Enquirer: 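Following this message is one structure expressed as structure tokens.
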Amino acid sequence: MWDTFIINPMINALLFLYRLLGGNFGLAIIVFTILIRLITYPLTASSTSSMKKMQELQGSKEWKDLGKKYAKDKEKMQAEQMKLLQSSGANPLGGCLPMLIQLPIMIGLYQSILNVIPSTPLQLFSFSQRIYAFFPVSLIPLSKTFLWMNLAQPEHLTIPGLPFPIPVLTILVLITSWVSQRVIPIMTTDAQSAQTNLIMNVFMVLLFANISLSLASGLSIYFVTTNLLTIVQYMMMGRVNWRQVYSLRPAPDSSK
Amino acid sequence: MLELFSNKKNRLPMNSRPAAIAVLGFLSVMLAACSASASNQSWSGLTLKGDMGYTAHNGFVSAVNLATGQKAWQYPDKADTKVLFYADPLVDSKGDLVAAAYNGSVVKLDPASGALKWKHDGDGAKIIAPLVEAPNGDYYASSDSGDLLIIDSGTGALKTKIHLGKAIAWGAMAVDAQRVYVATIEHKVYAINFQSGKADWSLDVGGSIAGGITLADGKLYLGTFTGKVIALDAQSGQTLWDVKADGWVWQAPVAAGDSIFAADLSGALRALSPADGAPQWNQKLGAPVQAAPAVDGGLVFIGTTSGIVRAYSAADGTQKWEQTLAGGVFGTLRVFGGKLFITVNGSKYQLAALAPDTGSITWTYVEPA
């Protein structure tokens, strides 16, 4: 079911774009990522709107008063906060759910890219079973070259005179992952949350850099594109917090 | 995507640490799943010689006693995760065993003990197709860099390489006294002359060739993803005939007696005349056939990716028996020493020995992990 409704349509959409864009798979990944972001934009917008509503509520005097009032009784505090959420009409899952719906799409895209650039006979066989009839088989194998990269292999750029290759794409993934996470405005009310948030930011950046370093560079193209789109999206909303990008300190409470 | 995990303000009011641990745990599981799907996997490579079978699977080359199905040795003792063996190992004219890996390395082993004789490290470009031996004893390997590597059989040193552009062989190459024939995934067939090191001829057949090329009686036979079975003249490269199949033809056709046998991913097995490709008989197996058939004793043996194995009369295509294996049949079926050997892509076992006359399973072999 996952394959039939998510992976296979995505693979064939990628193939359609590949054909449309003159056999450039790197461009196909970029355009496909943009299209996916456009299609899921209503979900993202809904999520962002819900986040904003939650942030406003959690920055309110009432919310903070509850924190002070029930500082020694966490259970009671949570119960009262839930009541406040319900009375104000804010849904704490309103931000999460749309994002969670997007997650399978992202994982599907990731798996689709891996499938379309098979590097072993068994992967190629799996790919053969997923192609719709409209795709001209004579286009196989797909061109894996994009700029200086082989999209089926981890990317390293060899520069004449340098004794070691440079993982350019991994560096780009590292930078864009960090920036895309840190530009998001975060209002923390306690130091522990801020610290945890920072640790998660660092963990995520290292995680994606490691994936980029060891897996097919086609995935790194996807990571960089989706990170850049996140940054652009928040810039368009006018909600970026550039100060956080340069700081390794836990994010300050920007609501104060 | 990352903002989901970043915005602390969006969470339910609860202690943040358990939530963070849960998210990190989820990400770790997701990463593991993604990494697993990206890892190199394939069916076993297999070569049969004497009373031993030599398999290549994941990190190991191993020797299997063909009488009992018991492992005699494995190389190396402990797998290097970066070295994955899948191509059929080569037993050369001196009886030595040579195996190529996906990371471009090649090892020469003592077939009796599995002891390493030499190792060619390669340049990291994949080698997918089995190596072949030239008449002068050199080994030829098709590399993902687009080069045909010529490796000294005595030392493992790279003697030279012949650049074929972007082309790489994914299936077995064929050799005669003058040339090595390379059928590539990039649609082209090359006839490389051993003396000159240059192509006597090359031909674009219009579709990917994944399963290599068969040489028999001065003719080359191959199948393409565009669904063609093609016969070429080995001397000139001229197309003698081509026949349209019902689906992608993965493996090279097999020549035996007065027939050419070719299967395709639509599940069809067909017998053709080697003279002009005229159909002799046709059978439908009901599931994709990626494997190349084996022919012996008047029977054609074939298996599907769903694990069905059948024997047909080579003369008229009449079905003789059917057997079901625990995994899909991939690679090349072989009859050797009175047994039918099948490489299986499954979790229970990776190699099965069957009785050719009845299809009953004699033994199964689980590759070292």
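Sequence lines set the chain letters: A, B, ... in the order given, protein chains first and strands last, and positions in each chain run from 1. Quick caveat, the model's predicted, so the values are computed rather than measured.
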Enquirer: Could you check which of A/P136, A/P118, A/S128 has the highest count of heavy-atom pairs closer than 4.5 Å to chain B?
Expert: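 Top count of heavy-atom pairs under 4.5 Å with chain B: A/S128.
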Enquirer: Where does A/L124 contact chain B at under 4.5 Å (heavy atoms): side chain, backbone, both or neither?
Expert: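 Both backbone and side chain.
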Enquirer: Is there side-chain contact between B/W248 and A/V137, with heavy atoms separated by less than 4.5 Å?
Expert: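 The answer is yes, as the side chains (C-beta and beyond) meet within the 4.5 Å cut-off.
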Enquirer: For A/Q153 and B/D144, run side-chain contact (heavy atoms from CB on, under 4.5 Å): C-alpha distance rounded to whole Å, both residues' side-chain angles, the deciding distance at 0.1 Å, then the answer.
Expert: CA-CA 11 Å; A/Q153 292 180 357; B/D144 194 33; 3.2 Å; yes
Enquirer: Checking B/E186 against chain A: side chain, backbone, both or neither under 4.5 Å from a heavy atom?
Expert: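 Contact with chain A is through both the backbone and side chain of B/E186.
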Enquirer: Identify which part of A/L142 has an atom lying under 4.5 Å from any heavy atom of chain B, answering side chain, backbone, both or neither.
Expert: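 A/L142 has no heavy atom closer than 4.5 Å to chain B.
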Enquirer: Determine whether a donor-acceptor pair (N or O, by modelled atom type, separation under 3.5 Å) exists between the side chain of B/S208 and the backbone of A/I140.
Expert: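 Checked: pair present.
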Enquirer: Locate the shortest heavy-atom distance separating B/I185 from A/P141; write the atom from each residue and the value.
Expert: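 The pair with the smallest heavy-atom distance is O-CD, 3.0 Å.
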Enquirer: Report which part of B/T224 has an atom under 4.5 Å of a heavy atom belonging to chain A: side chain, backbone, both, or neither.
Expert: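 Neither part.
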Enquirer: Supply the atom-to-atom distance A/F125 CZ to B/F330 CZ, rounded to the nearest 0.5 angstrom.
Expert: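 Interatomic distance, A/F125 CZ to B/F330 CZ, rounded to 0.5 Å: 4.5 Å.
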Enquirer: Do other residues, nucleotides or ligands put more than 12 heavy atoms under 6.0 Å from the NZ atom of A/K68?
Expert: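 At most 12 heavy atoms, drawn from other residues, nucleotides or ligands, come within 6.0 Å of this atom.
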Enquirer: Is it the case that over 12 heavy atoms from other parts of the model lie below 6.0 angstrom from the NZ atom of B/K348?
Expert: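 Counting neighbours around NZ of B/K348, 12 or fewer heavy atoms of other residues, nucleotides or ligands fall under 6.0 Å, so no.
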Enquirer: Please enumerate all residues that pass salt bridge (Lys or Arg N to Asp or Glu O under 4.0 Å) together with A/D3, with sequence neighbours excluded.
Expert: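 For A/D3 the salt bridge (Lys or Arg N to Asp or Glu O under 4.0 Å) partners, ignoring immediate neighbours, are A/R130.
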Enquirer: Is the number of heavy atoms from other residues, nucleotides or ligands within 6.0 Å of CD (A/Q129) greater than 12?
Expert: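 Buried by this count: over 12 neighbours within 6.0 Å.
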Enquirer: In terms of heavy-atom proximity below 4.5 Å to chain A, should B/L265 be classed as side chain, backbone, both, or neither?
Expert: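 B/L265 touches chain A through side-chain heavy atoms alone.
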Enquirer: Would you name the heavy atoms of B/W43 and A/P121 that are closest together and state the gap between them?
Expert: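 Smallest interatomic distance, heavy atoms only, reads CH2-CB, 3.3 Å.
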Enquirer: Check B/Y102 against A/S119 and note the closest heavy-atom contact, atom names and distance.
Expert: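 Distance-wise, the nearest heavy atoms are CE2-O, 4.3 Å.
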